[in-house]
Amino acid sequence: YRLYVVQISYPDWLTPQFIYVTLSAVIAVLIWIQGEMLKKTNGKLPKSKFFQVSSLLDTLWFFISVVMLYVIDLTPLAIAVPAAYGIYTTFGWIYGTRLLKRKGVPDSPKDLVIPAKYIAYSQSFSLIFFALCLLVLSSPWLPIFQ
């Protein structure tokens with residue numbers, strides 16, 4: 001029997017950092033879309049599979065981001081991506097809880113209304129986070145980072 005090993009080569013730019021930051025940019029877009037969906041339902045949780053899956057993904061992204069800080073070799077600028085996401089999520093949990101306590105926590109998730117201020121917080125973050133991801137992705141080709 002002969003064992004054949006197939007070696008797959010990837011372009012130099014296709015690094016774990018590139019993949020993580022690109023997926024982070026996708027998460028930023030999902031956060032924006034979720035905010036738009038919440039605005040259409042006046043803060044009520046949309047009964048949409050897309051909304052449920054994207055909400056789960058952006059929650060999981062917090063834990064993935066924390067792991068990425070330790071698992072992949074990030075450039076000093078790229079460290080800002082998981083750090084920013086961690087800060088956004090942590091402060092989002094605190095801010096969201098405080099906003100909900102003011103109105104009273106509902107008995108059922110069906111009665112939950114996401115406050116407009118929280119939607120604005122999330123969408124503002126998503127714009128800045130998306131721009132950060134684009135900066136990190138383009139930094140190898142920018143003269144300022146040489």
Side-chain angles (χ1 to χ4, degrees), residues 5-103 105-106 108-146:
V5 177
V6 177
Q7 186 133 15
I8 301 171
S9 64
Y10 297 100
D12 290 341
W13 56 265
L14 189 59
T15 62
Q17 174 179 299
F18 181 87
I19 294 165
Y20 167 72
V21 175
T22 301
L23 291 174
S24 291
V26 171
I27 293 293
V29 172
L30 290 178
I31 293 169
W32 178 267
I33 294 169
Q34 289 172 26
E36 290 302 304
M37 293 175 80
L38 284 166
K39 286 178 187 175
K40 286 181 181 168
T41 59
N42 294 318
K44 287 276 208 183
L45 297 179
K47 293 179 175 94
S48 152
K49 200 62 148 172
F50 175 82
F51 185 85
Q52 293 171 350
V53 170
S54 64
S55 293
L56 178 63
L57 280 174
D58 86 49
T59 301
L60 286 174
W61 205 249
F62 169 75
F63 300 102
I64 290 168
S65 292
V66 169
V67 169
M68 290 301 117
L69 274 170
Y70 298 99
V71 172
I72 63 176
D73 193 24
L74 296 166
T75 63
L77 179 63
I79 289 172
V81 175
Y85 202 81
I87 292 166
Y88 155 73
T89 304
T90 304
F91 279 96
W93 288 334
I94 295 166
Y95 184 51
T97 302
R98 292 190 64 187
L99 287 173
L100 285 175
K101 279 185 179 177
R102 287 183 189 162
K103 287 189 171 187
V105 180
S108 163
K110 291 177 184 174
D111 299 328
L112 180 66
V113 176
I114 306 299
K117 285 183 175 185
Y118 186 82
I119 298 169
Y121 166 76
S122 292
Q123 286 192 308
S124 298
F125 169 77
S126 73
L127 289 174
I128 294 165
F129 189 62
F130 186 77
L132 172 63
C133 291
L134 291 182
L135 175 65
V136 171
L137 290 171
S138 63
S139 66
W141 297 282
L142 295 175
I144 55 175
F145 293 106
Q146 299 304 324

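This chain uses plain numbering: 1 for the first residue, then up along the sequence.
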Considering all heavy atoms, the nearest [X]-[Y] contact:
X	Y	value
Leu100	Val113	CD2-O, 3.9 Å
Leu74	Pro82	CD1-CG, 3.8 Å
Phe51	Met37	CB-CE, 3.8 Å
Ala25	Cys133	N-SG, 3.6 Å
Leu132	Ala80	CD2-O, 3.7 Å

Working note: Trp61 + Leu23, criterion side chain to side chain contact (heavy atoms under 4.5 Å, CB included); need CA distance, chi angles, decisive distance, verdict. CA-CA 9 Å; Trp61 205 249; Leu23 291 174; 3.5 Å; yes
Going by the rule ring pair (Phe, Tyr, Trp, His ring centres under 6.0 Å), which residues pair with Tyr118 if we only count those two or more places apart in sequence or in a different chain?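 Tyr118 satisfies ring pair (Phe, Tyr, Trp, His ring centres under 6.0 Å) with Tyr121 only.
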Considering residues, nucleotides and ligands other than Lys44, do more than 12 of their heavy atoms fall under 6.0 Å from its NZ? yes
Nearest 0.5 Å, what's the [atom1]-[atom2] distance between [X] and [Y]?
X	Y	atom1	atom2	value
Ile27	Leu60	CD1	CG	8.5 Å
Ser48	Lys40	OG	NZ	11.0 Å
Phe18	Asp12	CZ	CG	12.5 Å
Leu38	Ile119	CG	CD1	4.5 Å

State yes or no: are the ring centers of Phe129 and Phe125 separated by less than 6.0 Å?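 Yes, the ring of Phe129 comes within the 6.0 Å limit of the ring of Phe125, centre to centre.
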Are [X] and [Y] packed together at the side-chain level, in the sense that at least one heavy-atom pair is separated by less than 4.5 angstrom?
X	Y	result
Thr41	Ile114	no
Lys101	Thr97	yes
Val67	Phe63	no

Within the side chain of Gln34, is there an N or O that forms a donor-acceptor pair under 3.5 Å with the backbone of Ser54?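 Answer holds: yes.
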Does any N or O in the side chain of Tyr88 come within less than 3.5 Å of the main-chain N or O of Phe62, such that one atom is a donor and the other an acceptor?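 No, Tyr88 side chain to Phe62 backbone: no donor-acceptor pair under 3.5 Å.
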Please identify each residue that fulfils side chain to side chain donor-acceptor pair (under 3.5 Å) with Tyr20, with sequence neighbours left out.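 Counting only residues at least two positions away or on another chain, Tyr20 forms a side chain to side chain donor-acceptor pair (under 3.5 Å) with Ser65.
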